[in-house]
Amino acid sequence: MPTSMPDIANQSAAQHEGELDWVGMSEIEVPIMIAAKDEHERAVSARVEAFVNLTQAKAKGIHMSRLYLLLDQLSTEGSLTKESLTQLLNDFIDSHEELSDKAFVKFTFDYHMRRRSLISGKQGWKAYPVTIIGYFAEGQITTEMQVDVPYSSTCPCSAALARQLIQQAFSEKFGEENALDAKEVRQWLGTTEGIVATPHSQRSIAEVKVKLADEVTGFPITDIVDTVEQALKTPVQAAVKREDEQEFARLNGQNLMFCEDAGRRLKHALNQIPGYLDFWIRVNHYESLHAHDAVSVSTKGIAGGYRAY
Ligand SMILES: Nc1nc2c(ncn2[C@@H]2O[C@H](COP(=O)(O)OP(=O)(O)OP(=O)(O)O)[C@@H](O)[C@H]2O)c(=O)[nH]1
């Protein structure tokens with residue numbers, strides 16, 4: 001490197017002095033191998049945020065290239081594990097001696113998983129948005145993960161109103177006290193005059209963030225997806241034959257839910273898992289009745305833990 005190159009970060013003074021909470025880069029484009037719990041290591045296309053704090057009020061700035069190159073080294077020579085995440089944060093701090101004592105890194109990527117259909121046994125891909133966050137402060141590493149899981153929610157109120165219309169149509173067709181011909185009723189139930197109304201349902205997304213306990217050594221991406229889908233029962237499907245679609249209709253009918261119901265189901269399910277020190281759940285029902293969304297937010301509720309907002 002020519003000796004005459006100016007080194008602004010090291011040699012010049014800040015225009016205004018002051019410490020900064022985070023300085024670094026966002027939207028860094030990085031292909032990276034991810035080693036998730038119980039899964040083969042695989043490449044994902046990540047966007048990364050990398051930050052350190054700036055504790056020297058008079059220093060011009062941090063050394064962005066050092067953070068970038070450490071991340072690049074992980075991308076080209078390693079894979080993302082809980083261990084390498086810890087190492088990366090330690091390296092961020094070591095590369096900023098006397099400038100920083102806190103570090104933060106966030107990886108955001110789509111994680112593709114094979115998901116089996118409900119009845120036919122066919123399989124297809126689903127891409128789950130995943131965020132992995134690590135931060136180092138006061139000598140402690142904290143690891144967090146967020147997974148977004150899409151599902152279907154059918155409105156219980158709309159279902160009750162639809163049932164009432166079906167009862168009314170039944171009375172109009174067959175009267176209140178007549179002896180019924182079972183064959184005729186069965187046939188009528190198979191027509192749109194029989195099932196005269198259907199409840200509205202909507203594609204919904206559960207955003208689930210967890211803080212991982214130290215003993216959780218692998219990123220539990222599949223565990224979180226499975227927990228959410230098993231709790232809600234109506235995950236969005238990949239490969240669908242007619243028998244799968246019919247089972248999906250049955251599951252929706254048997255798992256009617258407001259956003260409050262979905263939030264409570266998830267809270268109960270996540271409370272059973274000891275490896276999650278804390279959690280934050282945001283349930284979004286992208287309504288088809290309204291142009292606005294129905295939302296519920298909940299946390300584990302521990303002192304000093306996640307807050308709803
Ligand atoms: N600190 C800082 N650097 C920036 C910013 N925007 C662009 N950069 C550039 O990031 C580049 C890398 O900075 P450094 O890491 O200090 O690079 P360097 O001096 O070659 O590397 P070292 O010798 O390791 O300090 C520099 O060319 C900066 O101009 C910014 O907002 N803040």
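Worth knowing before you read on, the calculation uses all heavy atoms, side chains too, and leaves out hydrogens, waters and symmetry mates. Residue indices begin at 1 and follow the sequence shown. Counting starts at 1 for both ligands and their atoms, following the listed order.
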With under 30° as parallel and over 60° as perpendicular, where do the rings of Phe104 and Tyr135 fit, or are they tilted in between?
parallel

Please determine whether a side-chain nitrogen of the Lys or Arg among Lys106 and Glu144 lies less than 4.0 Å from a carboxylate oxygen of the Asp or Glu.
no

Are Thr143 and Lys211 side-chain neighbours, meaning at least one heavy-atom pair lies under 4.5 Å?
no

Nitrogen or oxygen of Ile62 less than 3.5 angstrom from that of ligand 1
yes

Which of the listed options, Lys60, His63, Arg66, holds the heavy atom that is closest to atom 23 (O) of ligand 1?
Arg66

Among Met64, Met5, Met25, whose heavy atom sits nearest atom 3 (N) of ligand 1?
Met64

Cluster overlap Val105 with Leu20, hydrophobic side-chain contacts below 4.5 Å
yes

